[in-house]
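What follows is a short report on a single structure.
Naming: A, B, ... by sequence-line order, numbering from 1 per chain.
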There are 2 protein chains.
Amino acid sequence: MGVTRRTLRLGAFLLTPGYHVASWRHPTARADGGLDFAHYRELLHTAERGRFDMFFVADGVGIRTPYRDADELSRWGRFLQFDPLTLLSALAVHTTHIGLAATASTTYNEPFHIARKFASIDHLSAGRAAWNIVTSVTDAEARNFNRDSQPDHTARYQRAREFMEVVTGLWDSWDDDAFGYDKEAGRYFEPDGMHVLDHKGEHFSVRGPLNVARPPQGYPVLIQAGASADGQDFAARWAEVVFTAAQTLDEARTFYRGMKRQAAAYGRDPGQMKVMPGLFPVVGRTRAEAEDKYAVLQELVDPVVGLGLLTQLLGDVDISGCPLDGPLPELPPTQGSTSRQQLVYDKARREGLTIKELYRSLTGGRGHRIVIGTPEDVADLMEEWFTDEAADGFNVMPPVLPQGLDDFVDLVVPELQRRGLFRTEYESTTLRGNLGLDRPARGAAAELPLSTGPVQVQE
Amino acid sequence: MGVTRRTLRLGAFLLTPGYHVASWRHPTARADGGLDFAHYRELLHTAERGRFDMFFVADGVGIRTPYRDADELSRWGRFLQFDPLTLLSALAVHTTHIGLAATASTTYNEPFHIARKFASIDHLSAGRAAWNIVTSVTDAEARNFNRDSQPDHTARYQRAREFMEVVTGLWDSWDDDAFGYDKEAGRYFEPDGMHVLDHKGEHFSVRGPLNVARPPQGYPVLIQAGASADGQDFAARWAEVVFTAAQTLDEARTFYRGMKRQAAAYGRDPGQMKVMPGLFPVVGRTRAEAEDKYAVLQELVDPVVGLGLLTQLLGDVDISGCPLDGPLPELPPTQGSTSRQQLVYDKARREGLTIKELYRSLTGGRGHRIVIGTPEDVADLMEEWFTDEAADGFNVMPPVLPQGLDDFVDLVVPELQRRGLFRTEYESTTLRGNLGLDRPARGAAAELPLSTGPVQVQE
C-alpha cells in the first residue's frame, strides 16, 4: 500500500434516535436520546472505535417537521436535540481522535459568535472541530428570528459569502505563534502578530480581533451541503467536505466531477475537497435479515408523517389535494432547497411512482442512497462509488440508534478494512490530519478569488 | 442548627489567570490558562471540593480592555478566553454538583439561541445552569456586531426586558411532563403539553416552540449585575442572584435592602433573590504574608495599564490630559455602565485620591471590595456583611489562579464552615437546590407584572 493511496472518509451522521422518520418508535431505539448526554457519549465511543473521521450533527433552529397542530407534530416526534455546539463541546473532552462537526446557519447567526464558538471548540478538542455551513431552509426557523418567511435563496447565499469572509478573517486575527506570554517583559503577545480585520461590507461591519487565538487547525474544517447552483458555487469556493445526496452512481459521479472542476476553477486543489454523499445502510447478516429490519421500520411510519415528509422534501408545496395513487403534479418554483426538490421529482418520474409509492420510497433515506443487505453488499456499493470517483467517502446515516451504528461498526467497517479501503488506526489527532486536508496558513482564505455567485462551468 | 438557618452562598469568579490586572505576569500564574481546558477542569474540581455554589464566567464579545495599538494591548494581556457556553458545556460533564453560570449579552444575541443554549446546558448538567444577563458595556463589542458604538443605556434595557419575556416564554414551550415517548401509540409527546409562544413585540417576533424540553430547573438560574436605576429595576423583576460591587458595609447594606424592597414591589419573595457582592481576597497565613502577596502583584502593574483601567472604569472618559498627581475632574455623562463610573468617582472624592492613587487603589478589585489578611480576617468581613444583611453571599474573585482559589478553599472555607456559615456538603445536585431557590412552575415568569423601566422606590 503506497503512502499516496486514496482511502475512504467516513462521517457518522447520528441524528438521534435514528435517521429513519419512524426510528423513535423502534423497540431498540432510545426514544428520549436527543437530550441524553450519556447516550451520545456511548455513540461517539462506538464511532471512535470504528475509526470514523467525524461525528456530524445536523441541526435546525426550530422544529423543522411540517405540522398543522400538536397532534400531528406528536406523530412525527424525534425533534428534541441539544444545541449542537453545546453537545460537541461536552463530547470533545470525552473523545480523543474523532472529528466533531456541527451545523450552524449563516442566515440566523452573527459571524463573530460563530468564529469564536468554532475556534473555542477547535482549541477544546485540540484540532477536531468542523463547521457544517447552512443557510437554513424552513420558514419555521425564520419565524423564530423575527421574520415570517425565509429570505430568498440568492439573498441567503449573498449573506453566506460575506459571512465566510468575516469568519475566516476573524480566525486570522493572530499569527499562529503570536502568543508568547512573556511575563518578564510584560508582553502577552508579539505586537506584530495581531491583525485587526476591520471588515465593512454589505451585510456586516466587524472590527475584531477575535478574543481567541488562531485555531489549532488554522480554520476548523469547512463542510457544506448545498447542491443548487448557488450551493455548488459556494462549496467550490469554501467547502473542504461536501455533503451531498445521490441516488445512483451516475448521478453521484456527475456531481463529484462537477464539484472538483468548480473547485479547480477557483484555483483550489480538487484533492483538498472531499465529496461525501449520505448513505442510509440497513445491514443484516443475510439479505433477508436486512430486508426484515427495514420492513419493521417502514411498518412504523404513520401515514400523516409519510405525506408530510413528501410535502417538506418538495419545499412546502401543497399536494394535499392530489390523489395518493396518482402521479406527482408539475411543481412551482419555491424559495426552499430547490436542488432537493428536483432530486425527488426526478426520482418520481424516473421510476414512474405514485405519490404514495414515492413517499414510501423516501421515508428512509429522504433523498439519500439506501442500501439494504449484507456487510459485503454495503461495502460493494461503497467501494464502487469510491473507486469510480463518485465519492471520497460517505456520511453514514444509521436508521436506528444505537443499533444501526453498532451494525455498521461491527460488520461493515471490518469488511472495508479487509479490502484496504479504510483505516485501522487514526493517522492523526486532528480532523484535518485524518481527512488528509492541509492546514491553511494565516490569510489563506483571503488569497483565493472572492466568490460572487454561480458561474457557468463547461461540461 | 435549624433547617431554616440562613447560610452563605459562594460563587467562584474565576477570570483566568486571575482577577488582578497583572495576574498573568505572576510567577505562579497559568498565563496561557484562558484556552487550556485542563486548567479550568482543575479549578472546577477545586471549587467543587470547596463546596462553592457556582462557577461564574465573566465574558465580553470582543476585547474589552482599552488600547490604542497592539503594543498597548500586549501590556494588558489576559484577554484570551473560551466562549463561555462552550467552556461550561465541557465542564458540565466533568463535575457533579457545582453550578455553572455563563455571561451572555441581550444586546448582541437572539433570544431563541440563548433560550436553547442555556436549556441545553441545564439538561447536560442535570439542573446546574445559570445565565448572567448583561446588556454589554463597551463600544469595542458594538464594533464586532455591525455598530460603531453601544446603543444607549435605556435602549439596551428596553431590549433586555423584552428579551427576557421571549426567553422565559420559550423555556415554557412544554409542560414538564409533556414528553412520554409512547412508541406503541406513536405519540412522542402529549399534545396538550405543547405551548406555542407566538411572541410579537417591539424588538422580537419569535414563534417557538423550543426544540428542547423544559429545563430541569424550570428556568436556569437568572443572574444580573446592573447597579444603575435601570439595572436595579431589571434585577428586581428578573434576577435570582444579584452580582454587585460595594466598597463598604454601609454601601452594601443600602444596596441590599433597596434590592429586596424593589423585588417585593414586583410581588416577589425577597428571599428568592440572593445578593452577592464581589470579594477580592488576598489571603495569607499572617497579615504580613497577605500584604506581601498583594505587593508582588501591584509591582507587576504596567503604568500604561493602570491609567487605561481607570479610563475604562470611568466609561471611556479621556483623562489623558489630566495631571496624575491631581484630582479627578468633573465627569460628563456617558452611555457606558453609569453606576460603575459613579462608584469610582465617589471613592476618589471620599478618600481624596489623586488620579495615580486612585488607579493604584482600583487595580486589584476594580470596584469590588478588597480584603487582605488572614483566613480569620476574610471570614470576619464575610460574616459581618452576611449577618448585617448586606450580602447573602459573595462572588469570590481570586487575584491569581490557581493559587488564589487554593488559598480560599484550603484556608477560608474551613474557617467559614467552623463558624457554621457555610455548608460542608452540597444540599442538592441542582443549582437551585443549593442556592435555596424554588423551581419555577411553567408560566411563572409571565405571572409577575411586566417591567417597563425603573420606578421610584420610597426609602
Does any heavy atom of chain B fall under 4.5 Å from the side chain of [X], the backbone, both, or neither of them?
X      : value
A/D36  : neither
A/W174 : side chain
A/F189 : both
A/E72  : neither
A/Y40  : neither
A/L87  : neither
A/H26  : backbone

Original post:
Which of residues 110-123 of chain B have a heavy atom under 4.5 Å from any heavy atom of chain A?
Top reply: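 Checking residues 110-123 of chain B against chain A gives B/E110, B/F112, B/H113, B/R116, B/K117, B/S120, B/I121, B/H123.
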Subject >> Top of A/I63, A/L85, A/L124 for chain B proximity - count of heavy-atom pairs under 4.5 angstrom >> reply: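 Winner by heavy-atom pair count: A/L124.
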Tell me which of these, [options], has more heavy-atom pairs under 4.5 Å with chain A than the rest.
options                      : value
B/G34, B/A29, B/A140, B/A92  : B/A29
B/N144, B/V206, B/V93, B/T86 : B/N144
B/G62, B/A142, B/A38, B/G193 : B/G62

**OP:** Would you check if the side chain of B/R143 reaches a backbone N or O of A/R207 as a donor-acceptor pair within less than 3.5 Å?
**Re:**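 Not a single qualifying donor-acceptor pair exists.
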Original post:
Just by modelled atom types, is the A/G60 backbone N or O under 3.5 Å from a matching donor or acceptor in the B/N211 side chain?
Top reply: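 Looks like yes, one N/O pair under 3.5 Å.
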Subject >> Ring centroid separation A/Y188 to B/W24 under 6.0 Å >> reply: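 Yes, the ring of A/Y188 comes within the 6.0 Å limit of the ring of B/W24, centre to centre.
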**OP:** Could you look at B/D192 and say if it's the side chain, the backbone, both or neither that has a heavy atom under 4.5 Å from chain A?
**Re:**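 No part of B/D192 comes within 4.5 Å of chain A.
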Subject >> Salt bridge present between A/D71 and B/R187 (N-O < 4.0 angstrom) >> reply: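 B/R187 and A/D71: salt-bridged.
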